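Position 1 is the first residue of the sequence; numbering continues from there. Predicted model only: the values in this text are computed from it and were never measured. Heavy atoms only: backbone and side chains are in, while hydrogens, waters and symmetry mates are out.
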Amino acid sequence: HIMSDMLDFERIDSGRLVLVHRPFTIDELVGSVQPVFSTQAEQKGVALRFEPLPESVSGVAFLGDTRRLAQCLSNGISNALKFTDPGGVVAVSVAQSAHTREGWSRVHVRVSDSGIGLAKDELA
């Protein structure tokens with residue numbers, strides 16, 4: 001995946017990244033990464049928790065580039081596991097914001113951890 005990520009950065013920089021919008025559910029998105037990282041977390045001794053999805057998003061069809069979304073979610077979980085010590089916790093949760101326009105919805109997927117974190121001056 002590293003080579004694919006590097007090519008994506010090149011496409012972003014050159015303005016050639018094409019997003020492929022397809023229907024998907026948050027259940028599918030989160031479910032696609034869960035088995036990949038569960039074993040890694042278990043081997044490291046980190047509790048990986050996937051919080052139950054809110055009823056407002058579970059099973060609902062959304063439109064987006066699932067490959068890119070899964071890539072972002074995977075990167076977030078991977079980084080959280082990398083910087084969380086054994087005995088720590090990484091949690092994935094989903095929340096839905098109020099509708100901004102009719103037919104539109106904003107969904108937030110959050111990866112939080114008990115790792116060392118960043119100082120305020122290190123945040124961009």
Side-chain angles (χ1 to χ4, degrees):
H1 293 293
I2 293 173
M3 185 58 84
S4 178
D5 289 351
M6 290 172 56
L7 291 172
D8 285 346
F9 286 129
E10 178 190 331
R11 287 184 193 110
I12 291 168
D13 285 344
S14 66
R16 295 182 295 126
L17 181 68
V18 177
L19 299 177
V20 180
H21 296 257
R22 294 192 175 119
F24 72 97
T25 66
I26 299 296
D27 313 64
E28 295 166 342
L29 175 67
V30 173
S32 71
V33 299
Q34 189 170 2
V36 175
F37 292 102
S38 292
T39 302
Q40 182 181 345
E42 187 177 318
Q43 290 172 343
K44 187 172 179 183
V46 172
L48 178 57
R49 296 191 183 133
F50 287 84
E51 305 296 333
L53 296 176
E55 288 182 24
S56 62
V57 299
S58 183
V60 175
F62 290 91
L63 192 62
D65 190 325
T66 54
R67 180 171 173 231
R68 305 293 179 217
L69 292 169
Q71 189 176 35
C72 291
L73 182 54
S74 293
N75 287 344
I77 295 170
S78 177
N79 284 338
L81 288 172
K82 185 186 317 181
F83 295 106
T84 301
D85 291 330
V89 177
V90 172
V92 179
S93 61
V94 176
Q96 183 178 18
S97 296
H99 297 286
T100 54
R101 291 191 296 180
E102 186 64 34
W104 289 80
S105 184
R106 182 171 290 166
V107 176
H108 301 269
V109 180
R110 173 177 289 149
V111 178
S112 56
D113 63 67
S114 60
I116 59 173
L118 295 172
K120 285 188 181 191
D121 62 331
E122 294 176 307
L123 297 173

Quick check for you: to the nearest 0.5 Å, what is the distance between Thr66 atom OG1 and His21 atom NE2?
10.5 Å

From Ile77 atom CD1 to Cys72 atom SG, the distance as rounded to the nearest 0.5 Å
11.5 Å

Is there side-chain contact between Phe62 and Leu29, with at least one heavy-atom pair below 4.5 Å?
no

Is the shortest side-chain heavy-atom distance between Arg67 and Val20 below 4.5 Å?
no

So how far is it from Asp27 CG to Ser32 OG, rounded to the nearest 0.5 Å?
11.0 Å

Just checking Gln40: does its CD atom have more than 12 heavy atoms from other residues, nucleotides or ligands closer to it than 6.0 angstrom?
yes

Identify the heavy atoms of Val33 and Ser74 that sit nearest to each other, and give their distance.
CG1-OG, 3.3 Å

Asn75 CG to Lys82 NZ distance, which is reported to the nearest 0.5 Å:
9.0 Å

So which heavy atom on Ser38 is nearest to which on Leu48, and how close?
N-CD2, 3.8 Å

Kindly indicate whether the side chain of Pro54, heavy atoms from C-beta on, has any atom under 4.5 Å from the side chain of Gln96.
no

same_hphob_cluster(Phe37, Phe83) at 4.5 Å side-chain heavy-atom cutoff
no

Can you get from Val111 to Val57 by hopping between Ile, Leu, Val, Met, Phe, Trp and Tyr side chains that sit under 4.5 Å apart?
yes

What's the shortest heavy-atom distance between Val109 and Val92, and which atoms?
CG1-CG1, 4.2 Å

Are Leu81 and Val89 grouped together when hydrophobic residues (ILVMFWY) are joined by side-chain heavy atoms under 4.5 angstrom apart?
no

Find out if a path of hydrophobic residues (ILVMFWY) with successive side-chain heavy-atom gaps under 4.5 Å connects Val60 to Phe50.
yes

Considering all heavy atoms of both residues, which atom of Ser58 and which atom of Leu53 are nearest to each other, and what is their separation?
CB-CB, 4.2 Å

Give the minimum heavy-atom separation between Asp113 and Ala80, together with the two atoms involved.
OD2-CB, 3.4 Å

Nearest-0.5 Å distance that lies between atom CG in Asp65 and atom CZ in Arg22
8.0 Å

Do you know the tightest heavy-atom contact between His108 and Ser97?
NE2-OG, 2.6 Å

What distance do Leu69 atom CG and Ile26 atom CD1 have between them, rounded to the nearest 0.5 Å?
7.5 Å

